[in-house]
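Everything numeric in this text was worked out from a predicted model, so none of it was measured. For reference, positions follow the sequence shown, starting with 1.
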Amino acid sequence: MSDPDPPEPVGTAPVGTAPVVAGNAAPAVLRLLRQVRAGGAGSRFGGVLAVLLGVLALAGVVSHEVLDQRLVATDNIRERSAAALIAAERLRAGLAGADATAAAGVFAWVALAPGDSTDPARRRAYYDRIKGDSHYAGDHSGDGAGTRSGKADDPSSVAGPGRAVNEYSSALRGAVTALLALREIDPGGCDPVRDPQSTHCAMDRIATLIPEYVGLVAEATANTRAGNTVGGSYQTLASTLMATSILGQTDLLVSAYGERVDQDYRRATSGAAEELLLGAFGCALTGLFWTQFYVFRRTRRILNVGLAAATVLVVGVGAAGLVLLNGQQSRLAATQRADYRPMTLLAASRTLAFQARTCEFLSLMSLGNGEEADHCFASAVSALGYTPEGRPGAPSEARRRDGLLTAALAALPSESAARGGELAADLGGWLRTRAGAVATLHQPPTRSGDAPPVNVFERAVEETLNSSDFDNFVGGTDELLARGVDSFDDELRGAAAAVRLLSGLVTVLVSIAVLGAVLGVGARIREYL
């Protein structure tokens, strides 16, 4: 007979079985509680203090993490997403403005078409004014400021000492500067296989297409002279490339960065932060009340100064948290309505106005044969919320509400309403001037007695280029945009400062509350040692 198997040692697990962690942990906790209970009142007070300190520390850590996430989201709006959106809008406006200025330079030669019977001396004077325009003779460094309409007889645009900046070069340089700023704000490379519609790929495509556009404009400028239609053809090609390809990529950038701003706004104003703070400080108050009740039962002393002070501090920091977070949330919502929304709508309206200006010149340049340019002009003006004749709101009231400019003017704060009214008047004046030029081009040359016939083409050119309404509209838009950007930045800084203040209050007051709890319970521990 074989010997029986030896008995298994007590407390050891059978071979091949894993130890039950949960089953071993529970008895260990119970044994610890029994040891604390058997150790006397001093040990029990020490255990209560340890639990309370853990709850307070947990409330402080949770609050700090919540506030840190809220602060990061608020700072991201100003430093990254909104900064990228503003740079993208500047890129889009710079490119559209450069195209409008280039088209104005080509259009100015229409009045010198062959067959014109205008007095030669007058034609020569007009030729000299065109060659003296900043588009041809200005400072091509791109540094400085200038008008955007390409006026042919603006004295400030004549070459010479202190001559005006070349408007086309300046607008193009501003666009390139904005593109470089985007590279710094949103660094990274393009992955054309995995993400061809990324912002980085869009920036690469814009950087590739700008030299092609510049080359077409250079050909248009070189071939623009009286009786040569090649310059107009090159400018049409350049403007088509700008409208269909380059500005399309800037639209992608604006849309992507606008969505990032919206995401950061949602994170910076989410109600989850208030809920987590309430939960964290609710747990801390529960721990403090339970500790005071326990101390009262053991000592029959109603007031414990340390615990009472800790409770007041926790209530105070919780109330301050709700007030400051609600104030930050309200401030962000207010600046979104008063600054961010009007700012984005005005920026888009400015770009549309530049596109309409380009299409206006291309249409008038064709002397009545530019149906595609006419359609382009009408579409851009309709998107602004106006008719080509300068009336707001047609063809339907629904479209008026959907117009970018009409929506932007309606969203302006009360202090900017008067300036918005001036913008509407400037835009209407420009559109009416254009409508008058179109009507003039449909008139045959007229003769008054023995005087030479009136050149309707020259009159149309002068009416279009010499009107200051478009310049006033763009200048007013730039002014409101600059004011909105400054106000938006100030409000975001204020909202972030409120979160930083709350974060500091939480750290200081929770630390003091911990000290009060230690002093309050520690006094009872010393009594029983």
Do the non-hydrogen side-chain atoms of [X] and [Y] ever get within less than 4.5 Å of each other?
| X | Y | result |
| --- | --- | --- |
| Phe354 | Arg92 | no |
| Phe361 | Phe377 | no |
| Leu91 | Thr177 | no |
| Arg260 | Thr199 | yes |

Partner of Asp75 under side chain to side chain donor-acceptor pair (under 3.5 Å), chosen from Arg500, Arg493, Arg80: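 Per the side chain to side chain donor-acceptor pair (under 3.5 Å) rule, the option paired with Asp75 is Arg500, out of Arg500, Arg493, Arg80.
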Please report the C-alpha distance between Arg350 and Glu479 in whole Å, then the side-chain angles of each, then the deciding distance to 0.1 Å, and finally whether the salt bridge (Lys or Arg N to Asp or Glu O under 4.0 Å) criterion is met. CA-CA 12 Å; Arg350 179 180 58 181; Glu479 177 187 334; over 6 Å; no
Could you pull out the closest heavy-atom pair between Leu325 and Leu502, with the gap in Å? CG-CD2, 3.7 Å
Specify the closest pair of heavy atoms between Asp195 and Cys201, including all atoms of both residues, with the distance to one decimal.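 Smallest heavy-atom distance, with atoms named: O-SG, 3.5 Å.
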Is a donor from one side chain sitting under 3.5 angstrom from an acceptor on the other, for Asn76 and Ser81?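 Side-chain D/A pair, Asn76 to Ser81: absent.
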Between Gln235 and Ser239, a side-chain donor and acceptor under 3.5 Å: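 Short answer, yes.
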Yes or no on salt bridge (Lys or Arg N to Asp or Glu O under 4.0 Å) for Arg434 and Asp374, after CA distance, side-chain angles and deciding distance? CA-CA 12 Å; Arg434 184 261 179 189; Asp374 288 337; 3.6 Å; yes
Look only at the side chain of Ser382 and the backbone of Ser379, and say whether a donor-acceptor pair between them is shorter than 3.5 Å.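 Not confirmed, Ser382 side chain does not pair with Ser379 backbone.
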Taking 4.0 angstrom as the limit, do Arg78 and Asp490 come out as a salt bridge? no
